[in-house]
Amino acid sequence: MKTVFSPRHLGHANQLELVAGAIVPGFELTSRAEYVSGRIKTVGLGPILPPQEHDLTTAARIHRQDYLDFLPTIWDRWTAEGRTGTALPFTWPTRGLRGDVPPEFIDGLLGYYAFDAGCGIVGGSWDAIKSSHDVALTAAGLVQDGERAAFALCRPPGHHAGAGFMGGYCYINNAAVAAQWFRDNGAKRVSILDVDYHHGNGTQEIFYSRADVQVINLHADPMQEYPYFLGHADERGTGEGEGYNLNYPMRFGTDWDRWCQALEDACGKLVAYNPDVVVISLGVDTFEKDPISKFKLKTEDFAKIGERIARLNLPTLFVMEGGYAVAEIGVNAVSVLTGFEGN
Ligand SMILES: [Zn+2]
């Protein structure tokens, strides 16, 4: 399997985030992607290719243009106020406030275009965000050109980013952009299967009223876990999209036996939808030792995920999302891919 990966992700480094009452070094570390690329070389998964530059035309079909225009300007607006460190929001337009008028000042804009304080921006962030987007589209191109599967080793990840907001370490929704690109290049239907521990709220929001992209999420119950405000089982899509959004929320402590029942049911629904291509939002933070998660999947379970996805017998694009037990993230993510390949 070919991997697409960019060293430009390294510019998105040393960003801070707000966790449990403290501003701390972000869990979304540069080493995450380096562990995965290292493991790909160790097991000989296949060549690692650089991304080709893509413009933001496809991204603008699923993200708001004003949001895409804002992202590259954040760091300059921040430093223009004499600030350093990490650009982070601290005020949000929640219920009772106006969410329809973007303010002028940077602090207001950050809150307007974010839903949490887990989306810090530093000097190299935009270049990394753009390269991650390019990685996803370049890997999508490999699948379009006939590869059975390809791996977009994206960093930063994307599935929490909605049409007009960032959050949860995500800025551009790489998997959603890839799905839209497949639609624009001949696929009649695309399925996105999100196996990250956290609900892919951004992906759900983007496609919620559409029938041409099925979105399936297996994740921690939002009653217990981030992102808290989306991801319940009764969210099934709206209008033309009704029935094309499927959520499998699961409680803290979920192990492989329970998790793979949800995967099996999800695969049945996916096959019934009969897509031309499947995009996997590949998070491995379901791992039992993940520092920010509470599921109990073991290393040997990740190959079984890949084996099951392979049996869908569909062109498959894997897009890297979460996974934070840095020492094991490479082994677990690449186990999904080698499991897919039958090794
Ligand atoms: Zn996650």
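Atoms within each ligand, like the ligands themselves, are counted from 1 in listed order.
Ring centroid separation for the pair Tyr324 and Phe27 does not come in under the 6.0 Å cut-off. Between Tyr273 and Tyr244, the ring center distance clears the sub-6.0 Å criterion.
Listed by chain and residue number, Lys2 satisfy the side-chain hydrogen bond (donor to acceptor under 3.5 Å, both in side chains) test with Glu147 (two or more places apart in sequence, or in another chain).
Both tests hold for Arg148 against Phe340: distance to the six-membered ring centre under 6.0 Å, angle to the ring axis within 45°.
In summary, Asp276 and Arg189 do not engage in a salt bridge, as defined by a charged side-chain N under 4.0 Å from a carboxylate O.
Around the Zn ion (ligand 1), protein N, O or S atoms at less than 2.8 Å number 3.
A tilted orientation is assigned to the rings of Tyr67 and His63, their planes being inclined by 30° to 60°.
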